[in-house]
Colleague: 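Here it is, the structure, as structure tokens.
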Number of protein chains: 4
Amino acid sequence: MARKAILEATVRLLERMTLQNLAIECIAREAGVGKATIYRWWPNKAAIVIDAFFEEVVPRTTFEKAPTAAEAIQRQAVRIMKVLNGRQGRIVAQIIAEGQNDPTVLEYFRSMFLRQRRAAAGEIIQAGIDSGEFLADLDIELAIDLIYGPMWYRLLVGHQPLDRAFAETLPRLATAAISRQKHATD
Amino acid sequence: MARKAILEATVRLLERMTLQNLAIECIAREAGVGKATIYRWWPNKAAIVIDAFFEEVVPRTTFEKAPTAAEAIQRQAVRIMKVLNGRQGRIVAQIIAEGQNDPTVLEYFRSMFLRQRRAAAGEIIQAGIDSGEFLADLDIELAIDLIYGPMWYRLLVGHQPLDRAFAETLPRLATAAISRQKHATD
Amino acid sequence: MARKAILEATVRLLERMTLQNLAIECIAREAGVGKATIYRWWPNKAAIVIDAFFEEVVPRTTFEKAPTAAEAIQRQAVRIMKVLNGRQGRIVAQIIAEGQNDPTVLEYFRSMFLRQRRAAAGEIIQAGIDSGEFLADLDIELAIDLIYGPMWYRLLVGHQPLDRAFAETLPRLATAAISRQKHATD
Amino acid sequence: MARKAILEATVRLLERMTLQNLAIECIAREAGVGKATIYRWWPNKAAIVIDAFFEEVVPRTTFEKAPTAAEAIQRQAVRIMKVLNGRQGRIVAQIIAEGQNDPTVLEYFRSMFLRQRRAAAGEIIQAGIDSGEFLADLDIELAIDLIYGPMWYRLLVGHQPLDRAFAETLPRLATAAISRQKHATD
DNA sequence: CACTAAACGAGACGGTACGTCGAGTCTTGGA
DNA sequence: TCCAAGACTCGACGTACCGTCTCGTTTAGTG
């Protein structure tokens, strides 16, 4: 099957070059495949990369059990940050970059990557609300953005590192913001 | 001066097309200028756009006086969000996108745009710390990211709108997280 | 039978496009046939066209009786010219064009189309020689070329039209050249 | 100048391959030139070949002085046939072939190659008419076709060789057809 | 009458070339 | 002397067909 060869070639090439420089002709050559075959199956470069990325690279990082919702979030955040901090983070960043010029890329990225993760995070937060740990009238979407937004910000703008200190302090502050205790004193 | 004609042409063209599609040949034609002249003055497309953007477009949005630091942040956040939500937001997003493939673009963007804004925000937060409004041991950089990160996240990933509700709730939650009161009950 | 569908599709397509533009994929689609089936039966495009052309289109124009050989030639020339002057002429021209790059096409064309016609013309001329109408030592092949060459020349090069005046004057001059004495003294 | 390199490369390549197989990419590579440069100056392959052919290859074969018009034609015919019989003949044949699918090619060919030659031949014939050697009411265009048509016919259809016998007998017969009286009856 | 083998449609596949676009460099002619 | 104008090489784009090659699926012909 050509599909597999193409995705593997893409992964191989992404280790050496950026998505921007990654020509479709390059993938075709590396995979030993005709360009037409690629265009038959994918509408654009980013779609290939997203497929390649998520079929072969991404570990399906999920939330693990934890005593409190805040604790679960904390652990997940550390794990996600580790991923974003490496080569995979660079790839995701470039997919988002590509998406700024092509809304379908962004949509594809959201549906392949973001949706599940945000849904999972949403469940944890909902559980926290139900247990009285988090604010009752919390906007869940906003809560998720509060936790993960700063990570993406640093990943994409690069003004500060995605280091261990950040990985630990950020979710602590963010979960504090949405906890009931804080609301009582507000 | 050719420089001015080029920047003006760039601004004019950016109203009609994306940074990605904006060819240097296009700018040269629009400005009535030789391509070589452009290359003499700027290393790449994004540099032109950043110059054009910040010389002619961006209003130097600053913090206004407010009774509390939280209040000042709140107002500034609303104002920034309005900018990001329009055409200028799309341009900034595309500059950041360009930056994913070229670190110098990102660095140029940070030094031209981000640095001052973050410094200004930092001063407000520092004032809040000094007045006892915010946590004494606060990591200022992280505090700034907590406030603005979610905005950039939504701007760049587009999973949720940058609407009025978001503009008001986000800074409230974020400043709550860094306020002393919350720390006391934690 | 697929063969018939293919030839009919070819004829149909040739009414709309040139042989050059006639893709085998096109024929396959139009005929509702797999490409492999076409390749099973014909070595190349021109072979299909020649078959299609001679099975379905060409009327087997033959010489009719006439009082003199010159007269027979005259009538046949007029009839042939009429054929060459229309769509069929264009197709033949394109077959010959195709033949410039593939000798087998040319050979196939000669054996399918030219041979019989030249043989028939040769018989008439031979009869004219035998009857003393034409020169005794006449090179028959050359005589045929003298009569038909100018027609093909105009068909293929298009510098002058294949009109009625040409159709009548050409064979008169040509047969005069090969007659023992000139007919009209002009 | 790129133009020269392109034409030279074309000539070089035509010694190894047919016009049909001659890809523009090939010419560009051989000439060390960008494809765009070729497209800037020529509308299609055949136009390049025609230019290349007539700038660098074709000797400007002209009529030489001769005692009679028939004699002048005879000599010129032999010379032309020599040219058509070799590699140059193959190239011209392929240009005409190309022309069957693109009228502009044919027109370009006529204006670059045919026009002058036919005009020169026309002058000789006119001189023959004026001197009383040829028929007074002769259609000159047709006369030219009568002489050269058979050559092109053989060149393009290949049913008979363009040999010495043909080269000598053809113009003799053809000029006889247009003479006021037959010379020798041979 | 069932079974097999061929011929078949559909279309994926690796290729080659197409004609276009823009990048970034280099040359020229007029102001 | 400077610079617009634009020619130049280069490389990738996305498309069109090429001719080859599986795939099932008809469809005959034979056993």
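Throughout, protein chains are lettered first and strands after them, A, B, ... in sequence-line order, and every chain is numbered starting at 1.
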Colleague: Could you tell me how far apart A:Ile38 (CD1) and E:dG14 (P) are, to the nearest whole angstrom?
Modeller: 9 Å

Colleague: Which of these passes side-chain contact (heavy atoms from CB on, under 4.5 Å) with D:Arg3: D:Asp51, D:Ile48, D:Thr37?
Modeller: D:Asp51

Colleague: I need the CE-C1' distance between A:Met1 and E:dG14, as an integer number of Å.
Modeller: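 Rounding to the nearest Å, CE of A:Met1 and C1' of E:dG14 are 15 Å apart.
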
Colleague: Between A:Lys4 (NZ) and E:dC13 (P), how many Å, whole number?
Modeller: 15 Å

Colleague: Do nucleotides 23-31 of chain E as a string where each nucleotide becomes B, S or -: B if the base has a protein heavy atom under 4.0 Å, S if just the sugar-phosphate does, - if no protein is that close.
Modeller: BBBB-----

Colleague: For residues 104-114 of chain C, which residue pairs pass the salt bridge (Lys or Arg N to Asp or Glu O under 4.0 Å) check, not counting sequence neighbours?
Modeller: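 Output for this query lists C:Glu107-C:Arg110, C:Glu107-C:Arg115.
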
Colleague: Output yes when a side-chain donor or acceptor of A:Gln100 lies under 3.5 Å from a complementary backbone atom of B:Leu156, and no otherwise.
Modeller: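 Yes; at least one donor-acceptor contact below 3.5 Å.
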
Colleague: Would you please confirm or rule out a distance under 4.0 Å between OP1 or OP2 of E:dC8 and any side-chain N or O of C:Trp41?
Modeller: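 Yes.
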
Colleague: Could you check how far CD1 of A:Ile6 sits from P of E:dG15, rounded to whole Å?
Modeller: 12 Å

Colleague: Let me know the distance between CH2 of D:Trp42 and P of E:dC18, rounded to the nearest Å.
Modeller: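 Computing the D:Trp42:CH2 to E:dC18:P distance gives 15 Å.
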
Colleague: Please assess C:Ile27 against C:Leu22 for the test side-chain contact (heavy atoms from CB on, under 4.5 Å), listing each intermediate value before the final yes or no.
Modeller: CA-CA 7 Å; C:Ile27 299 177; C:Leu22 176 67; 3.8 Å; yes

Colleague: Go through E:dC13, F:dA7, E:dC8 for me and flag the one nearest to the A:Thr37 side chain.
Modeller: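 The listed nucleotide nearest to A:Thr37's side chain is E:dC13.
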
Colleague: Does E:dC13 have its OP1 or OP2 closer than 4.0 Å to a side-chain nitrogen or oxygen of A:Arg40?
Modeller: yes

Colleague: Atom OH in D:Tyr108, atom CG in D:Asp102: separation rounded to 0.5 Å?
Modeller: 13.0 Å

Colleague: To the nearest Å, how far apart are C:Glu98 CD and F:dC18 C1'?
Modeller: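 Rounding to the nearest Å, CD of C:Glu98 and C1' of F:dC18 are 14 Å apart.
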
Colleague: When you look at D:Leu13 and D:Met17, which way does the side-chain contact (heavy atoms from CB on, under 4.5 Å) test go after all the steps?
Modeller: CA-CA 6 Å; D:Leu13 288 169; D:Met17 64 207 314; 4.2 Å; yes

Colleague: Of all residues at least two apart in sequence or in a different chain, which pass the side-chain hydrogen bond (donor to acceptor under 3.5 Å, both in side chains) check with C:Arg40?
Modeller: none

Colleague: So which one's nearest nucleotide on DNA chain E is more toward 5', C:Gly32 or B:Arg29?
Modeller: C:Gly32

Colleague: Return the nearest nucleotide to the side chain of C:Ala2; candidates are E:dC8, E:dC13, F:dC8.
Modeller: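 In terms of side-chain proximity for C:Ala2, the closest of E:dC8, E:dC13, F:dC8 is E:dC8.
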
Colleague: Measure from CD on A:Gln20 to P on F:dC13 and round the result to the nearest Å.
Modeller: 11 Å

Colleague: Send over the distance from D:Asn21 CG to F:dC18 P, rounded to a whole Å.
Modeller: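 Going from CG in D:Asn21 over to P in F:dC18 covers 15 Å.
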
